[in-house]
Amino acid sequence: MKNARHVLRLAAILVVGVTSFIVVRRLLVPATFGEIGHYRAAAIEQIKSKPVRHAGADACVDCHSDVSDLKSTSKHAGIHCESCHGPGAAHAEDPDSADARPTRHLAQPRRLFCGACHSESISRPPFMRQVHLEIHYPKQPCTDCHQSHHPEVEK
Ligand code: HEC
Ligand code: HEC
Ligand code: HEC
Ligand code: HEC
């Protein structure tokens, strides 16, 4: 027995280690984790309970057919209204409310708004036309020359 003491000590450390791992894991892993997949199942209900903020691609057309007609013949045809204007569900429900107007674009300078998609970057696909913001008419708002809903320059 005298010669086995070091083995017992090792076994004791192992037992303490495994037990504390199980206890800590139980404390840290959320209750519904793993019920459906490798994530917290309760997250689905939590996300479902949030109010819907986007109205969807078709919702804007009823009232703004002039804009959608213009846009549908342009290079921006594939870009949805809310990609640029931000979530519009509250505005579509109550168009008269000034608070709900989707005017996010108006607060964005050229680099952050048009430049978010068009500033030169080798990581962008080539079909997404790119300009160098420091060279391409700097300091002037993009919309002075490009109509947002039909941005092509007539040549
Ligand atoms: C039920 C009709 C209706 C729907 C649906 C609707 N709008 Fe509007 N929208 C309006 C009206 C009315 C105005 C105010 C026009 C004005 O004051 O000249 C407006 C104004 C706007 C403006 C201009 C805001 C400003 O301050 O100049 C934008 C941008 C806009 N809508 C975008 C959208 C988008 C994007 C959608 C879809 C998510 C949408 N609208 C859906 C009726 C609607
Ligand atoms: C590429 C970004 C972009 C997309 C996509 C876009 N808009 Fe706009 N929209 C703008 C900007 C920027 C303005 C500000 C006016 C300007 O200076 O061109 C604007 C202005 C407006 C206005 C104010 C009146 C006007 O015609 O200038 C309305 C209404 C509007 N947009 C509705 C829509 C609707 C509806 C859609 C979808 C069919 C849409 N927009 C798609 C960027 C966009
Ligand atoms: C959400 C991304 C996005 C935003 C924001 C956006 N664009 Fe675009 N734009 C595109 C894509 C994608 C194309 C190319 C579509 C194609 O060629 O099929 C395009 C096409 C264009 C073109 C046409 C280039 C040509 O081939 O003639 C111009 C000009 C342009 N955009 C200017 C603007 C301006 C100005 C703004 C800001 C008001 C803007 N864009 C905002 C994605 C965006
Ligand atoms: C002073 C007017 C003016 C301003 C301001 C301006 N552009 Fe242009 N843009 C043009 C002209 C003209 C062309 C076509 C000739 C060329 O490529 O220079 C063009 C072309 C483009 C193209 C197509 C490039 C290609 O390779 O086919 C894109 C994308 C574009 N502009 C985006 C923007 C963006 C984004 C802004 C704001 C950051 C902006 N433009 C500001 C006049 C302007």
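Numbering of ligands and ligand atoms starts at 1, following listing order. Sequential numbering from 1 along the given sequence is applied to the chain's residues.
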**Student:** Find all atoms of ligand 2 within a distance of less than 4.0 Å from any non-hydrogen atom belonging to His80, and give their numbers and elements.
**Tutor:**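 Those of ligand 2 that fall under 4.0 Å from His80 are 5 (C).
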**Student:** Quick check: does His64 put an N/O/S atom under 2.8 Å from atom 8 (Fe) of ligand 1?
**Tutor:** yes
**Student:** May I ask you to check whether His91 brings an N, O or S atom to under 2.8 Å from atom 8 (Fe) of ligand 1?
**Tutor:** yes
**Student:** Could you give me the CA-CA distance, side-chain angles and deciding distance for Glu152 and Ser74, then say whether side chain to side chain contact (heavy atoms under 4.5 Å, CB included) is met?
**Tutor:** CA-CA 7 Å; Glu152 294 91 337; Ser74 83; 3.6 Å; yes
**Student:** Any chance you could measure Cys145, atom SG, to His136, atom NE2, to the nearest 0.5 Å?
**Tutor:** 7.5 Å
**Student:** Could you give the distance from OG (Ser119) to CZ (Arg124), rounded to the nearest 0.5 Å?
**Tutor:** 4.0 Å
**Student:** Any N/O/S atom, backbone or side chain, of Cys84 lying under 2.8 Å from atom 8 (Fe) of ligand 2?
**Tutor:**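 No - counting backbone and side chain alike, Cys84 has no N, O or S atom under 2.8 Å.
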**Student:** Look at the side chain of His146 and the backbone N and O of Val153, then say whether any donor-acceptor pair between them is shorter than 3.5 Å.
**Tutor:** no
**Student:** Looking only at distance, does Gln140 have an N or O less than 3.5 Å from an N or O of ligand 4?
**Tutor:** no
**Student:** Of the side chain and backbone of Ile79, name the one, both, or neither that has a heavy atom under 4.0 Å from an atom of ligand 2.
**Tutor:** both
**Student:** Can a non-hydrogen atom of Pro141 be found less than 4.0 Å from any atom of ligand 4?
**Tutor:** yes
**Student:** Going by the atom numbers of ligand 2, which of them fall below 4.0 Å from some non-hydrogen atom of Ser68?
**Tutor:** 38 (C)
**Student:** Table please: side-chain donor-acceptor pairs of residues 50-65 below 3.5 Å, with sequence neighbours left out.
**Tutor:**
none

**Student:** Distance under 4.0 Å to a non-hydrogen atom of His76: what atoms of ligand 2 satisfy this?
**Tutor:**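 So the atoms of ligand 2 that pass are 1 (C).
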**Student:** Does a side-chain heavy-atom distance below 4.5 Å link Ile44 with Tyr39?
**Tutor:** yes
**Student:** Using a 4.0 Å cutoff against the non-hydrogen atoms of Cys60, which atoms of ligand 2 qualify?
**Tutor:**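 By the 4.0 Å cutoff, the relevant atoms are 35 (C).
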**Student:** Taking the side chain as every heavy atom from C-beta outward, state whether Glu120 and Ile135 have any atom pair closer than 4.5 Å.
**Tutor:**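 No; the side chains remain at least 4.5 Å from each other.
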**Student:** Is the side chain of Lys71 donor-acceptor paired with the backbone N or O of Ile79 at a distance under 3.5 Å, no angle test?
**Tutor:** yes
**Student:** Consider ligand 4: state whether an atom of it lies below 4.0 angstrom from any non-hydrogen atom of Val131.
**Tutor:** yes
**Student:** Identify which of Lys75, His150, Gln147, His85 has a heavy atom lying nearest to atom 39 (C) of ligand 2.
**Tutor:**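 Closest candidate by heavy-atom distance is His85.
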**Student:** Determine, considering heavy atoms only, which of Asp58, Val67, Thr143 sits nearest to atom 34 (C) of ligand 2.
**Tutor:** Val67
**Student:** Between His76 and Ser148 (side chain of the first, backbone of the second, donor and acceptor by atom type, cut-off under 3.5 Å), is there such a pair?
**Tutor:**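 At least one qualifying donor-acceptor pair exists.
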**Student:** Taking atom NE2 of His149 and atom OG1 of Thr143, what is their separation to the nearest 0.5 Å?
**Tutor:** 10.5 Å
**Student:** Please compare Ala57, Ala89, Pro95 and report which has the shortest non-hydrogen distance to atom 11 (C) of ligand 1.
**Tutor:** Pro95
**Student:** Run the contact test for Glu82 against ligand 2 with a 4.0 Å cut-off on heavy atoms, strictly below, and give the result.
**Tutor:** no
**Student:** Between atom NE2 of His91 and atom CG of Asp96, what is the distance when rounded to the nearest 0.5 Å?
**Tutor:**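 Taking NE2 in His91 and CG in Asp96, the distance rounds to 9.5 Å.
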**Student:** Which option out of Cys63, Ala59, Cys81, Gly88 puts a heavy atom nearest to atom 1 (C) of ligand 1?
**Tutor:**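 Closest candidate by heavy-atom distance is Cys63.
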**Student:** Near Cys145, which atoms of ligand 4 are under 4.0 Å from a heavy atom of that residue?
**Tutor:**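 That gives atoms 1 (C), 2 (C), 3 (C), 4 (C), 5 (C), 42 (C), 43 (C) of ligand 4.
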**Student:** Using modelled atom types and a 3.5 Å cut-off, is there a donor and acceptor pairing between side-chain atoms of Gln130 and backbone atoms of Met128?
**Tutor:**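 Here the side-chain-to-backbone pair exists.
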**Student:** Which of the atoms of ligand 1 are close to Ala92, meaning less than 4.0 Å from one of its heavy atoms?
**Tutor:**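 Per the distance check, 1 (C), 5 (C).
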**Student:** Counting each atom of ligand 4 from 1 as listed, which ones have a heavy atom of Cys114 under 4.0 Å away?
**Tutor:** 35 (C)
**Student:** Which of the atoms in ligand 4, numbered in the order shown and given with their element, are less than 4.0 Å from a heavy-atom of Leu133?
**Tutor:** 38 (C)
**Student:** Return the option from His146, His118, His132 holding the heavy atom at the smallest distance from atom 21 (C) of ligand 4.
**Tutor:** His146
**Student:** Counting only heavy atoms closer than 4.0 Å, does ligand 2 sit against the backbone of His149, its side chain, both, or neither?
**Tutor:** side chain
